[in-house]
J.: 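Starting off with a structure, shown below.
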Amino acid sequence: MAKERLYLFDTTLRDGAQTSGVDFSVDEKIAIAGLLDRLGVDYVEGGYPGANPTDSQFFEKKRTQNATFTAFGMTKRAGRSASNDPGLQVLLQSQSDAICFVAKSWDYHVKVALNSTNEENLEGISESVAAAVEAGKEALVDCEHFFDGFKANPSFALACAKAAFDAGARWVVLCDTNGGTLPDEIASTVKAVQEVVPGHHLGIHAHDDTGHAVANSLAAVSAGVRQIQGTLNGIGERCGNANLITLIPTLMLKAPFKDAYDLSISEQSLRDITTISRAFDEILNRTSNLHAPYVGRSAFATKAGIHASALLKEPETYEHVPPEVVGNQRRVLVSDQAGKSNLLGELKRLGIEADKKDPRLDALLAEVKELEAQGYSYEAADASFELMARRRLFSVPDYFNVISFRTGVERRYNAVGDQVTVSEAVVKVEIDDQTHMSVAEGNGPVNALDLALRKDLGRYQEVIDHLELIDYKVRILDGGTGAVTRVLIESMNKRTGQRWFTVGVSSNIVDASFRALTDSVRYIIFKTQQAAA
């Protein structure tokens, strides 16, 4: 039986741009469009030309190589002709392949938001679609608030969908704009709409306000729609949109979808999807969701000892798909719940060969559990764990010995009378039997310590010049100002792009930070020497 074609419509650059705290520049939009082309989606909706300078500049030329480059905008205003509506004309003149019109399909919104009549709304849909088709552009219509509108006045909602289709729209998209509809109702409504618009011309646009955007999209496909709209990593207004990064692997790997439908996504693109998801988070300058389905760093992580033992024997026991098909990797976590199977699995992932009968493994496991009881967490700090494991199993050196460190914070008035806060750190280390002492000022005591530590490390200086601190997280493990503090630091080798996490724990936040910092410095030295060997 031949498979039917499903089409993927990405609205990251338009609907996703409504996410709180997200504000794309033109260069960022160009970079994201490149990621979407690499992924292989069918449509890239780039924004609303004419609405703001960024989108207008973005639409000065086509920004995709393969995907249908799509502009978004409103249907013509009531009381104007299509040729006399400035907003519509900007859309028609933009360098887009297609136009996605947003149209009201709930009579309540027509009256309250547009201050218009139902007849004028239908006329606006028909004439706008006809103008786009006449201009040689593919036309789509997002029927806004369709599911709420269908419940309130089904005949009008259906009339809006039919008007779009009859005027020549390639796709009539049913939007759950408020995100409050559940899968069963999505399915029944989609079936009803097919009385006036064929399923191969219908799309679904789901929001995640009940956490069902992915489920609603899948329910709509099962009910007959053949286009899915969504965003990278599910970003979007309020709670977000349907997450294409979750939907794509599900459609390609899970029955009945994988057996019934073809997508534009290649197997290689599917293997790239973890990288694409994380690259998008980097553009947003935010930390990736560790627990995201398929692509999260913990999506294929196992912690319990008995689970790990079974997983290492036969991965299918605790993995619903092989992690490598989506470009992710298996992780067996080392923690206070771990057994020797976890330990062996994590060592193997880090490239450390160990005999399961080696008695030093028992000592290493006991040390991990003792340190985690004190507050350490090696699930996220793989670099700190690797250093500790290699020290115990292979006698990896510390490279330098910290003799002492001191920090000070002073609030004072500067020469022009402004109140300033100055932090200073002094670090004394021993390298090759020589003592090095460095002093630095920084933006707070931790930054000052970081600068002082890396100011003079003798023969290792060239290596650590490539070190950059990326992220710094503090966790208070119990209450009170004297609480035990855990610090997690993410660092990067600027030359290779490699990133890693280190951890430090102490009742003193500066001491905890310094422990994580020294681990990070030692790790880049170790990795550099290992690569050169």
Side-chain angles (χ1 to χ4, degrees), residues 1-16 31-46 63-70 97-98 100 138 140 170-171 173 199-200 202-206 213-222 225-236 240-281 283 288-289 292-296 299-300 319-329:
M1 182 177 177
K3 294 183 180 182
E4 289 190 72
R5 180 75 153 83
L6 277 183
Y7 294 83
L8 299 174
F9 183 105
D10 182 274
T11 182
T12 300
L13 297 176
R14 199 275 303 174
D15 214 358
I32 294 165
L35 287 178
L36 293 168
D37 249 349
R38 175 182 170 188
L39 181 58
V41 299
D42 297 287
Y43 295 82
V44 171
E45 187 178 54
R63 303 294 184 176
T64 58
Q65 296 295 319
N66 303 308
T68 300
F69 189 45
T70 307
D97 305 310
C100 182
E138 183 175 327
L140 305 86
R170 169 64 183 90
W171 294 105
V173 183
H200 59 273
L202 288 177
I204 181 70
H205 178 110
V214 168
N216 283 345
S217 300
L218 295 174
V221 170
S222 296
V225 309
R226 293 298 176 259
Q227 187 205 82
I228 300 175
Q229 294 195 358
T231 60
L232 291 176
N233 294 343
I235 71 166
N241 289 43
N243 189 347
L244 290 180
I245 297 296
T246 300
L247 277 163
I248 288 169
T250 299
L251 292 166
M252 294 183 69
L253 301 174
K254 298 294 183 180
F257 304 103
K258 70 182 180 70
D259 301 318
Y261 306 108
D262 275 328
L263 274 69
S264 57
I265 311 299
S266 67
E267 289 185 4
Q268 180 57 53
S269 293
L270 184 62
R271 286 192 292 271
D272 287 342
I273 199 166
T274 295
T275 299
I276 290 170
S277 170
R278 295 175 186 177
F280 176 61
D281 280 328
I283 293 173
S288 297
N289 179 5
Y294 297 106
V295 300
F300 298 94
E319 290 176 353
H320 67 109
V321 298
E324 56 271 14
V325 302
V326 291
N328 210 338
Q329 62 183 120

J.: Leu232 and Ile245: which non-hydrogen atoms are nearest, and at how many Å?
T.: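 Nearest heavy atoms, Leu232 then Ile245: CD2-CD1, 3.8 Å.
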
J.: Testing the basics here: between Ala213 and Asn241, what is the closest heavy-atom pair and its distance to 0.1 Å?
T.: CB-C, 4.1 Å

J.: Is the shortest heavy-atom distance from the side chain of Ile265 to the side chain of Ile273 under 4.5 Å?
T.: no

J.: Tell me every residue that passes salt bridge (charged side-chain N to carboxylate O under 4.0 Å, His left out) with Glu4, counting only those two or more places apart in sequence or in another chain.
T.: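 Testing Glu4 for salt bridge (charged side-chain N to carboxylate O under 4.0 Å, His left out), a comparison that skips the adjacent residues, returns Arg226.
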
J.: Side chains of Gln227 and Tyr43: donor-acceptor distance under 3.5 Å anywhere?
T.: no

J.: Of all heavy-atom pairs between Ala67 and Asp37, which one has the smallest distance, and what is that distance?
T.: N-OD1, 3.1 Å

J.: Step by step, would you call Gln229 with Asp15 a side chain to side chain contact (heavy atoms under 4.5 Å, CB included)?
T.: CA-CA 10 Å; Gln229 294 195 358; Asp15 214 358; over 6 Å; no

J.: Taking all non-hydrogen atoms of both residues, which atom of Leu13 and which atom of Asp10 are closest, and how far apart?
T.: N-OD1, 4.3 Å

J.: Carefully, step by step, assess Asn243 and Thr231 under the rule side chain to side chain contact (heavy atoms under 4.5 Å, CB included).
T.: CA-CA 5 Å; Asn243 189 347; Thr231 60; 5.9 Å; no

J.: Should Phe9 and Thr68 be marked as a side chain to side chain contact (heavy atoms under 4.5 Å, CB included) after you check the CA-CA gap, both sets of side-chain angles, and the distance that decides it?
T.: CA-CA 9 Å; Phe9 183 105; Thr68 300; over 6 Å; no

J.: Quick one: closest heavy-atom pair of Ala206 and Ser217, and the distance?
T.: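 That closest heavy-atom pairing would be CB-OG, 3.9 Å.
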
J.: For Arg278, check salt bridge (charged side-chain N to carboxylate O under 4.0 Å, His left out) against everything at least two apart and list the hits.
T.: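 Testing Arg278 for salt bridge (charged side-chain N to carboxylate O under 4.0 Å, His left out), a comparison that skips the adjacent residues, returns none.
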
J.: May I ask you to check whether Thr70 and Glu45 show a side-chain donor-acceptor distance below 3.5 Å?
T.: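 No, Glu45 and Thr70 have no side-chain donor paired with an acceptor closer than 3.5 Å.
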
J.: Quick one: do the Ser277 and Asn233 side chains pair a donor with an acceptor below 3.5 Å?
T.: yes

J.: Between Leu8 and Asp42, what is the shortest heavy-atom contact and its length?
T.: N-OD2, 2.8 Å

J.: Would you check if the distance from the ring center of Tyr7 to the ring center of Trp171 is below 6.0 Å?
T.: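 Here the rings of Trp171 and Tyr7 have centres that are less than 6.0 Å from each other.
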
J.: Could you give the distance from CG (Leu39) to CD1 (Ile32), rounded to the nearest 0.5 Å?
T.: 13.0 Å

J.: Going by atom type alone, with no hydrogens or angles, which donor-acceptor pairs under 3.5 Å involve a side-chain atom of residues 249-262 and a protein atom two or more places apart or on another chain?
T.:
unit_1 : atom_1 : unit_2 : atom_2 : d
Thr250 : OG1    : Thr246 : O      : 3.0
Thr250 : OG1    : Tyr294 : OH     : 2.9
Lys254 : NZ     : His320 : ND1    : 3.0

J.: Tell me, yes or no, whether the heavy-atom count around Gln65 atom CD, taken from other residues, nucleotides or ligands under 6.0 Å, exceeds 12.
T.: no

J.: Can any side-chain N or O of Ser269 pair as donor or acceptor with the backbone N or O of Arg38 at less than 3.5 Å?
T.: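 Such a contact is found between Ser269 side chain and Arg38 backbone.
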
